[in-house]
Amino acid sequence: MSFTVEERGNLNSLSYRLFFKNDKGKYVSPFHDIPIYADESQNIFHMVVEVPRWTNAKMEIATKDPLNPVKQDVKKGKLRFVANVFPHKGYIWNYGAIPQTWEDPSHKDGDTGYCGDNDPIDVCEIGSKVCSRGDVIKVKVLGVLAMIDEGETDWKVIAINVEDPEANDLNNISDVQRLKPGYLESTVDWFRRYKVPDGKPENQFAFNCEFKDKDFAIKVIKNTHNFWKDLISQKSEAGELNCKNTCVSASDSPYHCSVEEAKAVVSETSPPGNEEPIPSSVDKWFYYERK
């Protein structure tokens, strides 16, 4: 199973959208149509890459837009770029989400004590390759970090591309600690401080910042998949989320739409255009003492 992307609008502008197609050329939602599993028997998951490593543009699956294209987050009418908090530059992993998962905002997590953040579950892919925006890769899950973001549970799955040269050596979170010393500590530091330049407080973490292991992480992912099943079948309230899909069977989802409807959604967006320049301020480095 393979997927391609179609860019619309202008990169680095409010009009930019990245739509997905399956191997039959049909438009699909990266939230709802790309299967969660690449190989269920081996617990290998699909990951949709939203942000390539070392870049700053906060791209994300647009959960409230039809077909959920990837677009850049907007704050107060301006495109959002994450700050470079010393010593970090942009995102320090390939960052994205596992499709067909949902952190239910009405469900209080028994481990963290906070409800979900209303998004697909996030993934930090720690392999050696810098991926491209919109890549759909197969990942092996290694562990998970429980971030508490402004009073919401925001799980961060740690995973590696199964095609990475180091994939055979990394099978659990303890292997990351042993073979990539300092990487997990830097990951906590990144998530703790990345919003501070925007005037926000430091983020907090459950389990005293401890990464939970592979088995725990897979359990969390499967729970969010069950929440998504309730969402897509209308057993849970969608609120502002857009659940339009082309591949979930109509019997399982009242949000199923036709190929023609999907094409109409794409055609209503801006046509492809030239890339806009990235503001020079994005390269600024922020320094402040850790608390």
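Index from 1, following the sequence. Fair warning: this is a prediction, and the values are worked out from it, not measured in the lab. Values reported hereafter were calculated over all heavy atoms of this structure, with side chains retained and with hydrogens, waters and symmetry mates removed.
Judged purely by atom type and a 3.5 angstrom limit, Thr55 has no side-chain atom pairing as donor or acceptor with the backbone of Ala57. Panel note: side chain Ser253, backbone Ile232; a donor-acceptor pair is recorded below 3.5 Å. The backbone N or O of Ser249 lies less than 3.5 Å from no partner atom in the side chain of His256, so there is not a single donor-acceptor pair. The main-chain N or O of Lys24 is found under 3.5 Å from a side-chain atom of Asn22 such that the two form a donor-acceptor pair. When atom types are taken as modelled, the side chain of Asn12 and the backbone of Glu276 share a donor-acceptor pair closer than 3.5 angstrom. Distance alone, capped at 3.5 Å, is enough to place a donor-acceptor pair between the Thr187 side chain and the Tyr183 backbone. Between the side chain of Asn56 and the main chain of Val82, a donor-acceptor pair closer than 3.5 Å is present. Between the side chain of Asp230 and the backbone N or O of Trp228 there is no donor-acceptor pair closer than 3.5 Å. Without hydrogens or angle criteria, Asn172 side chain to Ser174 main chain gives no donor-acceptor distance under 3.5 Å. One N or O on the side chain of Gln100 and one on the backbone of His32 form a donor-acceptor pair closer than 3.5 Å.
Aromatic pair Phe216/Phe207: ring centres closer than 6.0 Å. Residues Phe20 and Phe3 keep their aromatic ring centres 6.0 Å or farther apart.
Using a 4.5 Å heavy-atom cutoff, the side chains of Asn118 and Trp102 are in contact. For the pair Val265 and Lys244, the minimum side-chain heavy-atom distance is below 4.5 Å. Contact annotation: the side chain of Ile160 never approaches that of Val139 to less than 4.5 Å [non-hydrogen atoms, C-beta and beyond]. Contact check for Asn43 versus Tyr37: side-chain heavy atoms found under the 4.5 Å cut-off. With contacts defined as side-chain heavy-atom distances shorter than 4.5 Å, the pair Ile137/Glu125 qualifies. Proximity of Ile221 to Ile121: side-chain heavy atoms (C-beta onward) are separated by under 4.5 Å at one or more points. Residues His225 and Asn223 are not in side-chain contact: their nearest non-hydrogen atoms beyond the backbone lie 4.5 Å or more apart. The shortest distance between side-chain heavy atoms of Val157 and Phe45 does not fall below 4.5 Å.
Grouping the Ile, Leu, Val, Met, Phe, Trp and Tyr side chains by contacts below 4.5 angstrom, directly or via other members, places Val49 apart from Ile34. Linking Ile, Leu, Val, Met, Phe, Trp and Tyr residues whenever their side-chain heavy atoms come within less than 4.5 Å places Ile173 and Leu170 in a single cluster. Ile158 and Tyr91 fall within the same hydrophobic cluster, where Ile, Leu, Val, Met, Phe, Trp and Tyr residues are linked whenever their side-chain heavy atoms come under 4.5 Å apart, directly or through other members. Note on Val220: it does not cluster hydrophobically with Val176, by side-chain heavy-atom contacts below 4.5 Å among ILVMFWY residues. Hydrophobic cluster membership differs between Val130 and Val123, with clusters built from Ile, Leu, Val, Met, Phe, Trp and Tyr side chains linked at under 4.5 angstrom.
Below 30°, between 30° and 60°, or above 60°: for His107 and Phe227 the angle between ring planes is between 30° and 60°, a tilted geometry. Taking the six-membered ring where the residue is Trp, Trp190 and Trp93 present perpendicular rings, their angle passing 60° and hence far from 30°.
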| task | Before giving the answer on salt bridge (Lys or Arg N to Asp or Glu O under 4.0 Å), spell out for Glu60 and Lys58 the whole-Å C-alpha distance, their side-chain angles and the decisive distance to 0.1 Å. | result | CA-CA 7 Å; Glu60 57 189 18; Lys58 193 175 189 305; 3.0 Å; yes
| task | Check the pair Asp189 / Arg193 against salt bridge (Lys or Arg N to Asp or Glu O under 4.0 Å), numbers first and verdict last. | result | CA-CA 6 Å; Asp189 183 64; Arg193 302 195 294 151; 2.9 Å; yes
| field | Full working for side-chain contact (heavy atoms from CB on, under 4.5 Å) between Asp109 and Trp155 | value | CA-CA 11 Å; Asp109 188 274; Trp155 295 103; 3.7 Å; yes
| said: Apply salt bridge (Lys or Arg N to Asp or Glu O under 4.0 Å) to residues Lys200 and Glu150 and explain how you reach the verdict. | reply: CA-CA 9 Å; Lys200 297 285 185 69; Glu150 299 182 32; 3.0 Å; yes
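Within a 6.0 Å sphere centred on NZ of Lys89, other residues, nucleotides and ligands contribute more than 12 heavy atoms. The environment of CG in Asp23 is crowded: more than 12 heavy-atom neighbours from other residues, nucleotides or ligands sit within 6.0 Å. At most 12 heavy atoms of other shown residues, nucleotides or ligands fall within 6.0 angstrom of atom OH in Tyr114. Heavy atoms of other residues, nucleotides or ligands lying less than 6.0 angstrom from CD of Glu163 number 12 at most. Annotation for Lys129: atom NZ does not count as buried by contact number, only 12 or fewer foreign heavy atoms lying within 6.0 Å. In the displayed structure, Lys180 atom NZ is contacted under 6.0 Å by more than 12 heavy atoms of other residues, nucleotides or ligands. Residue Lys195 places its NZ atom among more than 12 non-hydrogen atoms of other residues, nucleotides or ligands, all under 6.0 Å distant.
Between Phe86 and the options Tyr287, Phe286, Tyr194, a ring-ring contact (aromatic ring centres under 6.0 Å, His included) holds for only Tyr287. Each of Glu7, Arg8, Lys71, Gln72 was compared with Tyr16 under the side-chain hydrogen bond (donor to acceptor under 3.5 Å, both in side chains) criterion, and only Glu7 meets it. Partner of Met147 under the side chain to side chain contact (heavy atoms under 4.5 Å, CB included) criterion, out of Arg192, Gln204, Lys156: Lys156 alone.
A salt bridge is absent between Asp135 and Arg133; no separation between the charged side-chain nitrogens and carboxylate oxygens falls under 4.0 Å.
A cation-pi arrangement is absent between Arg53 and Tyr95, since the terminal nitrogen or guanidinium carbon is not both under 6.0 Å from the aromatic centre and inside a 45° cone about the axis. Relative to the ring axis of Tyr27, Lys21 places its NZ or CZ within 45° and under 6.0 Å from the centre.
For the side chain to side chain contact (heavy atoms under 4.5 Å, CB included) test, residues two or more places apart in sequence or in another chain that qualify with Asp39 are Ser41, Gln42, Ile44.
Lys214 and Asn171 are not linked by any side-chain donor-acceptor pair at a separation below 3.5 angstrom, with hydrogens and angles left out of the test.
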